[in-house]
K.L.:
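My structure is below; once you've seen it, I'll send some questions.
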Amino acid sequence: MRWSQAFIPTLRDDPADAEAVSHKLLVRGGFIRQLMAGSYSLLPLGKRVADKITQIIRDEMNAIDGQEFELPVVHPGEIWKKTGRWDNVEGILVKFKDRKDTDLLLAMTHEEIFAFVASELSSYKQLPQMWYHFQTKFRDEARPKSGLLRVREFVMKDSYSFDIDEAGLDVQFQRHRAAYVRIFERLGMSVIPVAASSGSMGGSESIEFMVESSAGEDIIAVCSSCDYAANLERATSRVPVATDEPWEGDIERVATPDIRTIAQLAAAFEFASADRQIKSLAYIVDGQLTLVLVRGDHDVQEQKLIDGFGTEHIRPAHPEEIQEALGAMPGSLGAVGVTHLPVVADPALEGRSNMITGANEDDWHVRGVDIGRDIAVGRWLDVRAVTEGERCPDCDGVLALERTIEIGHIFKLGTYYSVPLGASVLDADGKEKPIVMGSYGIGIGRNMAAVVENSHDESGIVWPVNLAPYEAVITVVKIADEPSMAAAEEIYRGLLEAGIDVIIDDRNERPGVKFADAELVGIPYRITVGPRGLAEGIVEVVRRSGGDVARIALEEAAAHVASAVTTERF
RNA sequence: CGGAACGUAGCGCAGCGUGGUCAGCGCGCCGGCUUCGGGAGCCGGGGGUCGCAGGUUCGAAUCCUGCCGUUCCGACCA
């Protein structure tokens, strides 16, 4: 490719509406342009990178016996009604009608359609199967942001496994896990697989693949000394066993005028430090007001409530609802003596005594509370958000919290989709059994952005050779100088013959402009050809990553760079 | 969905308070000359229904109303 003929619209200034580094650099480097909120056009450079990511994923999917499909992006509503998602998925699912007034939708994922195709399977002898495709998804996200990191329309590689039983699913799940680790390695990212919440749509186990980034939206807890890592949505930790000072006798009322918060109470009474308090939160769970108790210095992780109760219909109760149910306002709530409402408590409270909590009467608390004796806990449920510095649940290490981007996610689905869609086979005994499914996704654009988040400097993007839109650029310092052009053309031909993705910068621009563009775009190797070097028979080879400069004889330049590029590919 | 900000040339912005040569600047773009190893200089150009629609006014980028769009914080995110 000749740069003078290429459409590579680089910009000097950051786009005004970009915040994330990857967003700024991908726009400035001429990789993407926004069409509307959460929707981007891939320009030639962006398309080249996306294709390389796609090919790496395809390789690895094929390596675990995946078979590539291509399913439609517009689906009949009917199929989604069978699994319930037509009605259950709120907001992000775009529905519309065709001219015959048939309900249609834009695919936000493809479980239904793959399961529908899989209903053609009839015998356990045909299993296992592993199917995948690269296809556009549309999710009408309430808040797209950060360029390619969170969009509404995007291409995802999603694969689906089909097995006769859980044991088979385990195998496919583990194969995917290993394949994903290889994929992210080849994309140049150090990935952290973490245990994740599987959401409410079926599924027993899920692993998210996270990469550290300040632009990320997820927080994970990582152990300093073992391989424990989990999304904060389900991370756990060991809480040191508390030894409560003994309290003789019954609970005692304490007047606490105008005290509404844990901190105020702790400040007011020396016996009421936050870890001695019981925080009582009122949630509406499936329409039922429910008390959720955690230690005063702990916070509730709402996803744990959702997972624990198995419903997404959870929200904090309104003050009026609380007043009606408990006779007091938030700030004075407690579960002592509460038997008419479900009470859920975090295990960190188990066995505690001599605690203090709200009296369900404004301006009053009670002290001397023994959880086992005084509170009718209906269910112990880990609902607590882990915090930085707590002890690892698996070893003696300490947990650190890290902000991350989710770049892949694998799920065990079970029979959630196969049952309603009739995807079943006969087993060896001639009995009909629903196919056990798994689903596994990687977003192409988000991965492109994640790589940029992790690999850039002040000058621009630093692509790994595996993803670079061009692996080498030949920068002709002075195109009017005929020996320079001739030498550059010679190297160009040599690299093309060696199968290197090369672009020759033959623009009539000043050298500084070309250098800056090459760095912004992030091409791994730059060969600078100019009169100064040619006078000595050499050209310069600059490595984008690290900036090493090598002076190479003109005749050897193409072979030198071809060899460097080839050894870096994997 | 709650809160906030913004919308003027391809990009980045000023101008709106106190309506009237306010249609402007920088970069980019086109032509010319000089330059040419880190985002050149000079000269000359092209380019905008001031997001859209109403309204107020003799007169609206500027004031009022409505709408649309984009971004940020939060909620949400199979």
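Quick caveat: nothing in here was measured; it's all calculated off a predicted structure. Letters A, B, ... mirror the listed sequences (proteins, then strands); counts begin at 1.
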K.L.:
List the residues meeting ring-ring contact (aromatic ring centres under 6.0 Å, His included) with F309(A), not counting sequence neighbours, and say none if there are none.
P.N.:
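Expected list: none.
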K.L.:
Let me know the distance between CG of D14(A) and P of C72(B), rounded to the nearest Å.
P.N.:
14 Å
K.L.:
Rounded to the nearest angstrom, tell me the gap between atom CD1 in I8(A) and atom C1' in G10(B).
P.N.:
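So the CD1-C1' distance, I8(A) to G10(B), works out to 17 Å.
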K.L.:
Name all pairs fulfilling the salt bridge (charged side-chain N to carboxylate O under 4.0 Å, His left out) condition that reach into residues 438-451 of chain A, sequence neighbours left out, sorted by first residue then second.
P.N.:
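For residues 438-451 of chain A, and leaving out neighbouring residues, there are no salt bridge (charged side-chain N to carboxylate O under 4.0 Å, His left out) pairs at all.
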K.L.:
When the distance from CZ of R315(A) to C1' of C1(B) is rounded to whole Å, what number comes out?
P.N.:
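About 15 Å, once rounded to whole Å.
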K.L.:
How many Å lie between NZ on K24(A) and P on C72(B), as a whole number?
P.N.:
11 Å
K.L.:
Counting only non-hydrogen atoms, which of residues 530-540 of chain A are less than 4.0 Å from RNA chain B?
P.N.:
G530(A), R532(A), G533(A), E540(A)
K.L.:
Is there a residue in residues 543-556 of chain A whose heavy atoms reach under 4.0 Å of RNA chain B, and which residues are they?
P.N.:
none
K.L.:
Touch check for P9(A), heavy atoms < 4.0 angstrom, all strands: base, sugar-phosphate only, or nothing?
P.N.:
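No contact.
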K.L.:
Could you write out each protein N or O paired with an N or O of nucleotides 73-77 of chain B at a distance under 3.5 Å?
P.N.:
| residue | atom | partner | partner atom | Å |
| --- | --- | --- | --- | --- |
| C73(B) | OP2 | R143(A) | NH2 | 2.5 |
| G74(B) | N7 | R143(A) | NE | 3.4 |
| C77(B) | O2 | R150(A) | NH1 | 2.7 |
| C77(B) | O2 | R150(A) | NH2 | 2.0 |

K.L.:
By the 4.0 Å heavy-atom rule, please label T475(A) as base, sugar-phosphate, or nothing.
P.N.:
nothing
K.L.:
Counting the atoms with a prime plus P, OP1 and OP2 as sugar-phosphate, which does M108(A) contact under 4.0 Å by heavy atoms, base, sugar-phosphate, or nothing?
P.N.:
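The residue M108(A) makes base contact.
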K.L.:
Without decimals, in angstroms, what is the distance between D13(A) CG and G39(B) C1'?
P.N.:
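Rounded to whole Å, this separation is 11 Å.
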K.L.:
In residues 3-20 of chain A, what donor-acceptor pairs under 3.5 Å come from side-chain atoms, sequence neighbours left out?
P.N.:
| residue | atom | partner | partner atom | Å |
| --- | --- | --- | --- | --- |
| S4(A) | OG | D506(A) | OD1 | 2.9 |
| S4(A) | OG | D506(A) | OD2 | 2.8 |
| T10(A) | OG1 | D517(A) | OD1 | 3.0 |

K.L.:
Output one line per pair: protein atom, nucleotide atom from nucleotides 40-43 of chain B, and distance, for all N/O pairs under 3.5 Å.
P.N.:
| residue | atom | partner | partner atom | Å |
| --- | --- | --- | --- | --- |
| A40(B) | OP2 | R510(A) | NE | 2.9 |
| A40(B) | O4' | R510(A) | NE | 3.3 |
| A40(B) | N9 | R510(A) | NH1 | 3.4 |

K.L.:
Looking at every strand, decide which applies to E112(A) at a 4.0 Å heavy-atom threshold: base, sugar-phosphate, or nothing.
P.N.:
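No contact.
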K.L.:
H456(A): which residues meet the ring-ring contact (aromatic ring centres under 6.0 Å, His included) condition with it, sequence neighbours left out?
P.N.:
none
K.L.:
With a 4.0 Å cutoff (strictly under), does any side-chain N or O of Q34(A) reach OP1 or OP2 of U71(B)?
P.N.:
yes
K.L.:
Students often get this wrong, so: under 4.0 angstrom with heavy atoms, is R152(A) touching a base, only sugar-phosphate, or nothing?
P.N.:
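No contact.
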K.L.:
Taking only residues two or more places apart in sequence or in another chain, which ones pass ring-ring contact (aromatic ring centres under 6.0 Å, His included) with W131(A)?
P.N.:
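With sequence neighbours excluded, W131(A) shows a ring-ring contact (aromatic ring centres under 6.0 Å, His included) to F69(A), F162(A), given in chain and number order.
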K.L.:
Using atom C1' in both nucleotides, what's the gap between C42(B) and U35(B) to the nearest angstrom?
P.N.:
11 Å
K.L.:
Categorize D517(A) for me: base, sugar-phosphate, or nothing, with a 4.0 angstrom heavy-atom threshold over every strand shown.
P.N.:
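Touches a base.
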K.L.:
Measure from NZ or CZ of R544(A) to the centre of the six-membered ring of Y525(A) and say whether it is under 6.0 Å with the direction within 45° of the ring axis.
P.N.:
no
K.L.:
For RNA chain B, what are the stems built from at least three Watson-Crick or G-U pairs in a row, each pair having both distances below 3.5 Å?
P.N.:
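Stems (3+ consecutive pairs) listed as B:1-7 with B:68-74, B:10-13 with B:24-27, B:29-34 with B:40-45, B:51-55 with B:63-67.
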K.L.:
Applying ring-ring contact (aromatic ring centres under 6.0 Å, His included), can you list everything that pairs with H23(A), at least two apart in sequence or on another chain?
P.N.:
Y40(A)
K.L.:
A516(A) side chain: which of G12(B), G38(B), G37(B) is closest?
P.N.:
G38(B)
K.L.:
Side chain of D17(A) only, please: which of C36(B), U71(B), C11(B) is the nearest?
P.N.:
U71(B)
K.L.:
Do K412(A) and F173(A) meet the cation-pi criteria used here (NZ or CZ under 6.0 Å from the six-membered ring centre, within 45° of the axis)?
P.N.:
yes
K.L.:
Taking the six-membered ring for Trp, are H133(A) and F114(A) ring centroids under 6.0 Å apart?
P.N.:
yes
K.L.:
Strictly below 4.0 Å, heavy-atom distances to any atom of RNA chain B: list the hits from residues 39-49 of chain A, or just say none.
P.N.:
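The stretch gives none, as no residue of it lies under 4.0 Å from the strand.
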